[in-house]
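Note that the numbering runs from 1 along the sequence shown for the chain. Atoms within a ligand are numbered from 1 in the order they appear, just like the ligands themselves. Computed from a prediction, not measured in an experiment: that's the story for all the values here.
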Amino acid sequence: MAVQAWQGDKAMVTSATEAIRLIGVHKVFGDVATPVTALSDVTLGVPSGSFTALVGPPGAGKSTLLRCAAGLDRPSRGRIYVDGELLSDGSEAALARFRRKRVGLLFQQSGLQPALTVLQNVILPLRQAGRRVDRRRCQEILGRVGLAGRLDALPDRLTDAQRQRVAIAQALATEPRVIFADEPTAGLDPQGAREILDLLAESVQVYNQTLLLATEDAGIGAYTDSVHSLTAGRLSTPVPADSTAGGG
Ligand SMILES: Nc1ncnc2c1ncn2[C@@H]1O[C@H](COP(=O)(O)OP(=O)(O)OP(=O)(O)O)[C@@H](O)[C@H]1O
């Protein structure tokens with residue numbers, strides 16, 4: 001098991017089954033005169049192989065938490081472990097390497113390259129990470145997200161939901177252990193949103209990945225293993241999926 005123990009933290013339970021652990025994470029933006037506290041003493045464990053949601057209103061700190069956990073931003077205080085690696089101490093170069101190799105990012109805007117086809121967009125992150133490109137596998141992933149017939153299409157010929165499917169395929173292609181998704185269904189109609197969430201839930205199972213997803217949608221529990229609630233930068237007790245989804 002690649003996950004190291006969270007040693008030195010006597011209060012924490014050592015766990016080899018957690019993909020993400022935040023310990024006492026604070027994040028303050030702004031200067032000393034006008035600080036904005038985005039995260040306040042957040043401690044959170046996300047089990048390996050789970051689909052975990054972070055729910056909260058606008059400004060609650062969801063994006064900040066995801067950005068810190070994905071190594072895109074640094075906490076002001078506290079420690080973050082992802083896939084057994086302590087992030088908070090890493091250099092910029094080490095963080096960038098970590099992101100390319102271990103983390104998948106799925107954000108509101110898909111960030112697809114408009115001049116590249118669907119298949120080329122899925123191959124791109126592999127090339128950027130210096131990885132061997134297995135076109136057959138990329139095609140298989142695109143088939144799994146329902147785009148087998150659109151491999152050669154350019155992004156502007158797709159619907160919003162299809163573009164988000166390409167972004168999911170991109171996130172899956174590099175085989176990250178952990179995927180961070182920030183409002184991945186924003187702007188989609190209810191049917192499109194349901195399809196994307198079903199797809200993400202299925203991908204977590206098929207590829208045995210860990211997904212931490214931020215949303216304002218309190219109904220997310222129907223898709224996830226657990227839901228954490230974030231309000232004004234503070235986390236409240238997780239809600240077991242059984243109590244929100246009727247055990248299904
Ligand atoms: N780069 C930044 N500089 C200053 N303040 C920031 C910055 N990023 C976030 N904040 C502030 O931190 C707080 C949390 O913002 P964050 O975007 O993490 O919340 P959120 O729950 O993701 O909300 P939303 O869904 O609206 O993005 C807010 O008060 C926000 O204004």
Nearest protein heavy atom to [atom], by residue and atom, and its distance?
atom                    : answer
atom 28 (C) of ligand 1 : Gly59 O, 3.9 Å
atom 30 (C) of ligand 1 : Val36 CG1, 4.7 Å
atom 19 (O) of ligand 1 : Gly61 N, 3.1 Å
atom 9 (C) of ligand 1  : Phe29 CE1, 3.4 Å
atom 21 (O) of ligand 1 : Lys62 NZ, 2.8 Å

>> Less than 4.0 Å is my threshold; does some heavy atom of Gly30 fall inside it relative to ligand 1?
In response: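 Distance cut 4.0 Å: Gly30 fails for ligand 1.
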>> With the threshold set at under 4.0 angstrom, would you say Arg67 reaches ligand 1 through any of its heavy atoms?
In response: no
> Picking from Leu200, Leu147, Val122, what satisfies side chain to side chain contact (heavy atoms under 4.5 Å, CB included) with Ile168?
Replying inline: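 Going through Leu200, Leu147, Val122 one by one, the side chain to side chain contact (heavy atoms under 4.5 Å, CB included) with Ile168 is satisfied by Leu200 alone.
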>> Given Pro47, which partner from the list Thr17, Thr52, Thr210, Ile20 fulfils the side chain to side chain contact (heavy atoms under 4.5 Å, CB included) test?
In response: Thr52
>> When you measure from the side chain of Thr43 to the backbone of Gly24, do you find a donor-acceptor pair of N or O atoms at a distance under 3.5 Å?
In response: yes
> What atoms in ligand 1 come closer than 4.0 Å to a heavy atom of Glu216?
Replying inline: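 Per the distance check, 25 (O).
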>> Could you tell me, atom by atom, which parts of ligand 1 come under 4.0 Å of a heavy atom of Pro58?
In response: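 Ligand 1 atoms under the 4.0 Å threshold to Pro58: 23 (O), 26 (O).
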> Looking only at heavy atoms, is any part of Thr64 under 4.0 Å from ligand 1, and if so is it the side chain, the backbone, or both, or is it neither?
Replying inline: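 Answer for Thr64: both.
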>> Once you restrict to heavy atoms under 4.0 Å, what part of Pro57 touches ligand 1? Side chain, backbone, both or neither.
In response: backbone
> Can you tell me if Asp182 and Ser63 form a side-chain donor-acceptor pair at under 3.5 Å?
Replying inline: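 Yes, because at least one side-chain N or O of Asp182 sits under 3.5 Å from a partner of the opposite role on Ser63.
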> Do Arg194 and Gln191 have side-chain atoms, one donor and one acceptor, less than 3.5 Å apart?
Replying inline: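 On atom types as modelled, these side chains qualify, holding a pair under 3.5 Å.
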> When you look at CZ of Arg131, are more than 12 heavy atoms from neighbouring residues, nucleotides or ligands closer to it than 6.0 Å?
Replying inline: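 Yes, because the 6.0 Å sphere around CZ of Arg131 holds more than 12 heavy atoms from other groups.
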> Is the shortest N/O to N/O distance between Ala38 and ligand 1 below 3.5 Å?
Replying inline: no
Looking at [Y] and [X], is there a salt bridge between them, counting it only when a charged N and a carboxylate O are closer than 4.0 Å?
X      : Y      : answer
Asp73  : Lys27  : yes
Arg137 : Glu175 : yes
Arg74  : Glu92  : yes

>> Heavy atoms only: which of Ala186, Ser63, Ala60, Gly233 lies closest to atom 17 (O) of ligand 1?
In response: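 It is Ser63 that holds the nearest heavy atom.
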